[in-house]
Amino acid sequence: MKLESNFKNMVLVLTIISLIAAGVLGSVYQVTEEPIAKAKAEKQQNAIKQVLGNFDRLEEEVLEGITLYKGYVADEFVGAAVEASENGFGGEVKIMVGFDKEGNILDYAVLQQAETPGLGTKMVDWFKTDKGNQNIKGKNPGEKQLSVSKDGGDIDAITAATISSRAFLGAVNKAYAAFSGGDVNAVSGAPNVHHQSAESASCDSLQSTVADSLSVITDSINVIND
């Protein structure tokens, strides 16, 4: 039986298609949920080793939603790997930052990002490259919060990706605040914004939801391919 072409039937067909798609996505996620979690945990452990260097043992501590992995050699504190995040252009930017015991940045690793390919995605290497004022390694956010030159700071933003750069540096500043026992909510990589329209807030929410969905699909595809 052929359905009459009208608005009501179009909505009905689209609803059925959406429900089927949601069911397929849900099934794929259930199958790949455990492998995804395992892969993320492995990536996290590798990031700690990368950014912190030599340590005998770790002590985990959570401060205002930020996780610190404090490293020790024998009984001497040598530094910490700190996992922090900030909202970027395409969604959540999550990083692991290593600090020595004085608070100087040892290294960083990007754990999660959904920024624009070829632009914001450059954060993976941009802020550890010895070119201009890009490199943040060796800097101490306790002496001066890290921010891009456009906001009066000392760090060169990724070309054509200022929002992504602000998010990255905001996460670094949050990581340091947690490391030093400061107020995590008082730091940022961007200038203060006091007013946001309802339309802008709605767009940001939609963008975040789409980015989260794409992240789930991408993780599932990667696990299946592996």
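These numbers come from a predicted model, not from an experiment. All heavy atoms count here, side chains included; hydrogens, waters and symmetry mates do not.
- One N or O on the side chain of Asp156 and one on the backbone of Asn133 form a donor-acceptor pair closer than 3.5 Å.
- Using a distance-only test at 3.5 Å, with no hydrogens or angles considered, a donor-acceptor pair links the side chain of Ser165 to the main chain of Ile158.
- The pair Lys101-Glu76 counts as a salt bridge, with a side-chain nitrogen and a carboxylate oxygen less than 4.0 angstrom apart.
- At a threshold of 4.5 Å between non-hydrogen side-chain atoms, the residues Lys43 and Gln112 do not count as touching.
- Taken from CD in Glu59 to OH in Tyr72, the straight-line distance is 4.0 Å, to the nearest 0.5 Å.
- The minimum heavy-atom distance between Lys70 and Ala80, with the atom names listed, is CA-CB, 4.1 Å.
- Looking at Gln50, its side chain does come within 3.5 Å of a backbone N or O of Tyr108 through a donor-acceptor pair.
- In this model, no donor atom of one side chain and acceptor atom of the other lie less than 3.5 Å apart for Thr67 and Glu83.
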Go through the steps to decide whether Leu169 and Ile136 satisfy the test side-chain contact (heavy atoms from CB on, under 4.5 Å), and finish with yes or no. CA-CA 9 Å; Leu169 295 177; Ile136 66 170; 4.3 Å; yes
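- Taking the six-membered ring where the residue is Trp, Phe168 and Phe127 present parallel rings, their angle staying beneath 30° rather than reaching 60°.
- The shortest side-chain heavy-atom distance between Val172 and Gln145 does not fall under the 4.5 Å cut-off.
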Check the pair Phe55 / Ile48 against side-chain contact (heavy atoms from CB on, under 4.5 Å), numbers first and verdict last. CA-CA 10 Å; Phe55 59 88; Ile48 293 172; 4.2 Å; yes
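- A distance of 5.5 Å separates CG of Asp183 from CD of Glu64, quoted to the nearest 0.5 Å.
- Glu102 CD: more than 12 foreign heavy atoms inside a 6.0 Å radius.
- Dense packing is recorded around NZ of Lys128, with more than 12 heavy atoms of other residues, nucleotides or ligands lying under 6.0 Å away.
- In terms of heavy atoms, Leu63 sits closest to Ala178 at CD2-O, 3.5 Å.
- Between the Asp107 side chain and the Gly98 main chain, no donor and acceptor come within less than 3.5 Å of each other.
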Pair Tyr176, Asn140 - check side-chain contact (heavy atoms from CB on, under 4.5 Å), show working. CA-CA 8 Å; Tyr176 178 81; Asn140 190 318; 3.6 Å; yes
Would Val11 and Leu14 count as a side-chain contact (heavy atoms from CB on, under 4.5 Å) if you check the C-alpha gap in whole Å, the side-chain angles of each, and the deciding distance to 0.1 Å? CA-CA 5 Å; Val11 171; Leu14 287 174; 5.8 Å; no
